[in-house]
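Along the sequence shown, residues carry numbers from 1. The model shown is predicted, which means the values in this text are computed figures rather than measured ones. Atom set for the values below is all heavy atoms of this structure, side chains included, hydrogens, waters and symmetry mates excluded.
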Amino acid sequence: MAPEREVFNEMLGADGRPRPAYARLAEWLDSQPKNFLTRKSREAETIFRRLGITFAVYGAQEATERLIPFDPIPRIISAAEWRRLSAGIEQRVRALNAFLHDIYHRQEIIRAGRLPAELILQNDAFLPEMVGFTPARRVYSHIIGTDLVRVGENDFYVLEDNTRTPSGVSYMLENRETMMRMFPDLFQMHRVAAIEQYPDLLRQTLESVAPDTTRKEPTICILTPGIYNSAYFEHAFLADQMGVELVEGRDLFVDNGKVWMRTTRQPKQVDVIYRRIDDAFLDPLTFRPDSMLGVPGLFDAYRAGTVTICNAPGTGIADDKAIYAYVPDIIEFYTGQKPILNNVPTWNCSRPDDFAYVLDNLADIVVKEVHGSGGYGMLIGPTASKREIAAFREVLKANPKNYIAQPTLSLSACPTHVASGVAPRHVDLRPYVLIGDQVRITPGGLTRVALKKGSLVVNSSQGGGTKDTWVLED
């Protein structure tokens, strides 16, 4: 696996030798017979297919259910690297929760002139219905996925903050279980931090934010849109792992200001709802009246304090891409500290000067929709054709405020099994954070890998795969 030019190779140094964290893995890879990884990849695919580990692809002409490609070569992060990352992640998620409380109450950050009022008040992700309401423990976003990219030895950037309903944690857990089954000898050679306790920690977190009126063990459920949702496997997986009920909107109802779950015996009061549906569909009486996914009266029960919704409605304002550029200011405003982890430099197309720069440099930058996700609705200038750039330019001109732009980062590369053998492929990382009575960060997270040579798009919906992430203990 020869290092690529101008790309940070996480396994190999500039001299071509393995970095310390990867030394044993490199030896192990060299000792394996030909086609060994190919056989193991097929074995992993069989395991995933048997377990039904799939995701749905909207608008695809072929089968809507797909397996996410799995790479059997782990990504390794040293203990020292992880200490810095976890400190930066904790600083960031605490600041974002403080920001959410502030903008739904006194809006001090706006009064101080650190953030434009219209960026909040005119933002579709801002929910006026949440103004003046304080959730249990003042926690708004209980489950956060922080997307990180690496471009150098000590250069990590936060690409985005997923504070609404971050997905992918089931793949992180199943990747680890599959790796332990296939390569027990490789695990014996490394001290890898455990992640299998995540479902227990998730349940502890959800229990810790139950309403104050809860007098017994809280009743928790996961609210799913149903089997056609792209992350339905994960909803069912987490419900099973936590030992809680997986419900749809029709399984719940509100009576006397409380939320109840229908059972085969008698209704059971629900204390905490881990919702995996969007704000607009939560309650047809408060939000979209045509929603068939939510529960009529749910938001009133939530405001009355008889049930906790995780993540809270209105948390999307914290991961809005227009807000992203201000996160360093947000961290400094609420913590009094400089950010430990850097933001990617960002141009906001709602600003005339930024918009003019973006139009002049479309071929060299990445342009994203403010509310976009999954790799859709974006332009990667360096890999786009002249026709694609011209078409995107017209879309951009029609609604500038709907877009931000960033420079094209040279994402780090990890050894990846491909048809020709082992080769470097670009990766990102999504660590998962739980916030309740304390902040709990799972060591590692989900590494997503761009399987096509030269591609920077790691999203599974766009052909990317995943790999196990190992954080080494001291």
Side-chain angles (χ1 to χ4, degrees), residues 86-112 114-115 120-121 123 125-146 161-166 201-215 218-220 223 257-259 270-275 279 282-283 286 298-320 323 326-337 339-340 432-441:
S86 57
I89 292 168
E90 179 167 351
Q91 178 196 56
R92 197 169 178 102
V93 298
R94 288 186 182 277
L96 289 175
N97 267 289
F99 166 71
L100 285 165
H101 183 267
D102 182 28
I103 63 169
Y104 286 118
H105 290 81
R106 291 184 54 81
Q107 300 181 344
E108 296 287 356
I109 195 167
I110 295 176
R111 295 169 187 256
R114 301 292 290 271
L115 202 146
I120 299 294
L121 304 180
N123 196 306
F126 178 76
L127 282 190
E129 295 86 353
M130 284 291 293
V131 171
F133 175 70
T134 302
R137 294 186 182 271
R138 286 179 53 156
V139 177
Y140 288 75
S141 196
H142 311 79
I143 302 100
I144 295 179
T146 304
D161 306 281
N162 297 279
T163 60
R164 311 181 202 204
T165 53
L201 298 180
L202 175 57
R203 175 153 190 162
Q204 290 175 29
T205 298
L206 296 175
E207 289 177 343
S208 74
V209 294
D212 294 337
T213 54
T214 305
R215 297 181 180 177
T219 297
I220 300 169
L223 177 59
K258 300 176 182 177
V259 179
V270 174
D271 302 298
V272 180
I273 298 174
Y274 177 17
R275 55 88 172 226
D279 289 351
L282 276 174
D283 182 349
T286 303
L298 172 60
F299 193 77
D300 285 343
Y302 176 60
R303 292 266 315 186
T306 61
V307 68
T308 297
I309 299 175
C310 304
N311 290 342
T315 55
I317 190 70
D319 68 16
D320 182 84
I323 299 295
Y326 293 89
V327 172
D329 291 323
I330 288 171
I331 292 172
E332 194 168 349
F333 186 80
Y334 295 108
T335 69
Q337 304 168 345
I340 297 172
Y432 294 93
V433 191
L434 300 172
I435 310 167
D437 55 336
Q438 59 181 282
V439 176
R440 301 174 171 95
I441 306 176

Closest non-hydrogen atom pair between [X] and [Y], with its separation:
X	Y	result
S86	I441	O-CD1, 3.4 Å
T335	A95	CG2-CB, 4.1 Å
R114	Y326	O-CD2, 3.8 Å
A312	Y302	CB-OH, 3.2 Å
V93	V433	CG2-CG1, 4.0 Å
V139	G436	CG2-O, 4.0 Å

Item to complete: State, without any angle test, whether R440 and T205 hold a side-chain donor-acceptor pair at a distance under 3.5 Å.
Response: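 A pair is found: one side chain offers a donor N or O, the other an acceptor, under 3.5 Å apart.
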Just how far is it from atom [atom1] of [X] to atom [atom2] of [Y], taken to the nearest 0.5 Å?
X	Y	atom1	atom2	value
Q91	L96	CD	CG	10.0 Å
I340	I331	CD1	CD1	8.5 Å
K258	T213	NZ	OG1	7.0 Å
R303	T134	CZ	OG1	9.0 Å

Check whether any side-chain heavy atom of [X] lies under 4.5 Å from a side-chain heavy atom of [Y], and answer yes or no.
X	Y	answer
S141	I435	no
I103	L115	no
Q204	D437	no
I144	R92	no
I273	T308	no
I120	I323	yes

* Asked: If you count the non-hydrogen atoms of other residues, nucleotides and ligands that lie under 6.0 Å from CZ in R138, is the total more than 12?
  ->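 No.
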Looking at [Y], is its backbone amide N or carbonyl O close enough to the side chain of [X] to form a donor-acceptor pair, meaning the two atoms are under 3.5 Å apart?
X	Y	value
D279	G314	yes
D102	E108	yes
R164	N311	no
Y274	R203	no

task = Identify which one of L202, D271, V272 satisfies the side-chain contact (heavy atoms from CB on, under 4.5 Å) criterion when paired with I220.
result =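 That would be V272; it is the only one of L202, D271, V272 passing the side-chain contact (heavy atoms from CB on, under 4.5 Å) with I220.
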| task | Please determine which of N162, D161, T163 meets the side-chain contact (heavy atoms from CB on, under 4.5 Å) test together with T315. | result |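 Of N162, D161, T163, side-chain contact (heavy atoms from CB on, under 4.5 Å) with T315 is met by T163 alone.
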task = Please work out whether the ring planes of Y140 and H101 are parallel, tilted or perpendicular, with thresholds of 30° and 60°.
result = perpendicular
Carefully, step by step, assess F126 and D320 under the rule side chain to side chain contact (heavy atoms under 4.5 Å, CB included).
CA-CA 10 Å; F126 178 76; D320 182 84; over 6 Å; no
**Message:** Checking E129 now: which residues fulfil salt bridge (Lys or Arg N to Asp or Glu O under 4.0 Å) with it, not counting sequence neighbours?
**Reply:**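 Salt bridge (Lys or Arg N to Asp or Glu O under 4.0 Å) list for E129, sorted by chain: empty.
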For this session: Flag the pair F99 / F333 as yes when their ring centroid distance falls below 6.0 Å, and as no otherwise.
Result: no
